[in-house]
Amino acid sequence: MGQVSLRGIRKAYGTTEVIKGIDLDVRDGEFIVFVGPSGCGKSTTLRMIAGLEEISGGDILIDGVRANDLHPAERGAAMVFQSYALYPHMTVAENMGFSLQMSGVPRAEREAQVGRTAEVLRITELLKRYPKDLSGGQRQRVAIGRAIVRKPKVFLFDEPLSNLDAALRVNMRIELSRLHKELGTTMIYVTHDQVEAMTMGDRIAVFHKGIVEQLGSPLELYNRPANEFVATFLGAPRINLVDRPAASGAAAAHRALWESLSARAGTGAQRIGLRPEHLQVVPVGQGIPAAVVLAEHLGDSSILHLRVEGVTDLLSAKVSAEHSRIVSGQSIGLLPDAAWALGFDGQGRLLPRSA
Ligand code: ADP
Ligand code: MG
């Protein structure tokens with residue numbers, strides 16, 4: 001079992017409250033991602049679960065047992081950090097077996113466990129090497145191996161892939177998902193990278209300034225974000241946000257765009273969000289007139305940055321490769337897919353969809 005519950009968790013440093021009341025239930029065996037911008041309190045929350053940081057208020061329950069005052073070693077949680085912190089004078093096998101040795105596990109049993117873990121991580125051939133003879137990705141595997149041999153109820157990962165280059169990060173993302181399936185152990189994974197969150201999480205908790213803005217499956221959060229913060233944090237290029245045009249004097253193109261979206265976005269919307277993939281290009285003279293400020297052709301698709309008269313921000317459109325001859329400065333028509341429009345009220349909260 002590895003079920004973790006946070007009940008009204010708070011953390012203050014002096015008079016500054018950095019965690020402002022978090023309630024969250026992590027299911028047994030779940031892969032949950034804490035995502036949010038730097039400084040929003042992800043690591044602090046993870047460290048409180050691990051017992052490395054005292055909590056200022058609320059309760060932490062692990063498998064239903066209040067863990068607030070339990071020593072880190074008694075919580076059944078194993079943490080993997082961004083910096084691997086391997087012992088340089090120990091081999092991979094010794095690094096991985098060290099915690100077992102410290103808790104008095106006999107040598108033969110230790111070696112068996114390290115061997116099994118190395119097989120799961122596919123690093124058997126590295127067991128006799130020293131950390132200095134490993135690549136970054138291999139070191140991170142060893143650090144994960146060190147956590148696995150302890151057979152924790154819950155793994156806590158704090159941005160474990162941040163030090164790896166882009167290609168290796170993709171590989172390790174796949175590896176960690178595989179590992180999760182194989183072990184079936186609860187994993188709480190902290191990252192500021194929305195792609196990691198979207199691809200790895202069974203569920204995602206979006207953190208912002210010490211609270212959880214929304215908890216849900218990746219697609220729930222992407223398609224029905226609770227507010228503008230979640231809407232803009234997930235998705236690249238960023239979601240387009242269009243302000244309600246003024247009652248009089250607004251540009252015709254701005255008004256036309258708003259009217260094409262607002263029927264589905266809920267009554268009373270002050271802003272409407274539409275993701276770049278829901279803006280399509282049509283010939284000039286059709287749709288809403290727009291000017292291409294910059295065209296980025298990626299081969300398989302193109303990102304167009306567009307000016308619509310009267311709309312404050314540039315809009316982004318993600319279109320298929322058939323539009324790869326569009327150039328900066330060109331005029332085009334825009335066709336929004338209003339079925340995906342998201343209406344937000346004056347406080348930035350998502351409005352219920354209208355029929
Ligand atoms: P994240 O991991 O999301 O980037 P952290 O949990 O590390 O954010 O930090 C949350 C907030 O708490 C930040 O504003 C940070 O400056 C503050 N903080 C973290 N540790 C301390 C500390 N020891 N003393 C004072 N403030 C801290
Ligand atoms: Mg952090």
Side-chain angles (χ1 to χ4, degrees), residues 4-24 26 31-60 62 67-69 71-72 75 77-86 136 139-140 143-144 146-147 152 154-166 168-169 172-173 176 186-201 203-216 218 221 225-236 238:
V4 179
S5 298
L6 308 184
R7 300 265 181 271
I9 289 295
R10 295 176 178 275
K11 175 72 184 180
Y13 291 107
T15 56
T16 314
E17 194 161 58
V18 298
I19 303 297
K20 300 168 184 166
I22 289 182
D23 292 282
L24 193 75
V26 183
F31 195 124
I32 195 165
V33 177
F34 292 177
V35 72
S38 178
C40 65
K42 307 178 296 290
S43 294
T44 304
T45 305
L46 202 68
R47 292 170 60 82
M48 287 193 286
I49 297 170
L52 303 174
E53 200 80 68
E54 218 169 289
I55 71 176
S56 310
D59 284 317
I60 292 175
I62 299 178
N68 294 31
D69 307 315
H71 187 270
R75 296 190 184 200
M79 192 139 166
V80 179
F81 301 91
Q82 178 182 341
S83 59
Y84 331 115
L86 301 177
R139 282 181 206 161
Q140 191 53 283
I144 294 166
R146 219 169 30 177
V154 49
F155 287 96
L156 308 174
F157 292 102
D158 195 355
E159 311 233 12
L161 309 186
S162 302
N163 283 349
L164 306 179
D165 66 48
L168 200 51
R169 267 209 307 273
M172 284 301 287
R173 232 158 59 200
L176 275 175
T186 311
M187 295 187 172
I188 305 179
Y189 186 97
V190 162
T191 180
H192 64 270
D193 180 340
Q194 53 107 5
V195 177
E196 280 182 19
M198 289 298 292
T199 54
M200 297 174 81
R203 288 191 303 163
I204 302 174
V206 179
F207 279 61
H208 181 214
K209 294 183 177 167
I211 62 159
V212 172
E213 294 276 6
Q214 193 174 4
L215 172 70
L221 269 54
N227 52 49
E228 288 181 13
F229 178 80
V230 176
T232 48
F233 190 78
L234 298 178
R238 227 188 69 155

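Both counts, for ligands and for their atoms, begin at 1 and track the order of listing.
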Nearby protein N/O/S atoms (those under 2.8 Å) for the Mg ion (ligand 2), with water ignored: S43 OG

Exercise: identify the closest heavy-atom pair between A147 and P152: O-CD, 3.4 Å

Contact check, side chains of F207 and V190, non-hydrogen atoms, under 4.5 Å: no

Polar side chain donor-acceptor pair, E213 to N227, under 3.5 angstrom: yes

Side chain to side chain, I60 and M48, heavy atoms closer than 4.5 Å: yes

Pairing of E17 and R10 as salt bridge, 4.0 angstrom limit: yes

Centroid-centroid under 6.0 Å between F34 and Y189 rings: no

Test item: V206 and V212 side chains (from C-beta on) under 4.5 Å apart, heavy atoms: no

Separation between CG of L6 and CG of D23, rounded to the nearest 0.5 Å: 8.0 Å

Beyond-backbone contact of V33 with T191, side-chain heavy atoms, under 4.5 angstrom: yes

Amino acids in close contact with ligand 1, where any non-hydrogen atom sits under 4.0 angstrom away: Y13, V18, P37, S38, G39, C40, G41, K42, S43, T44

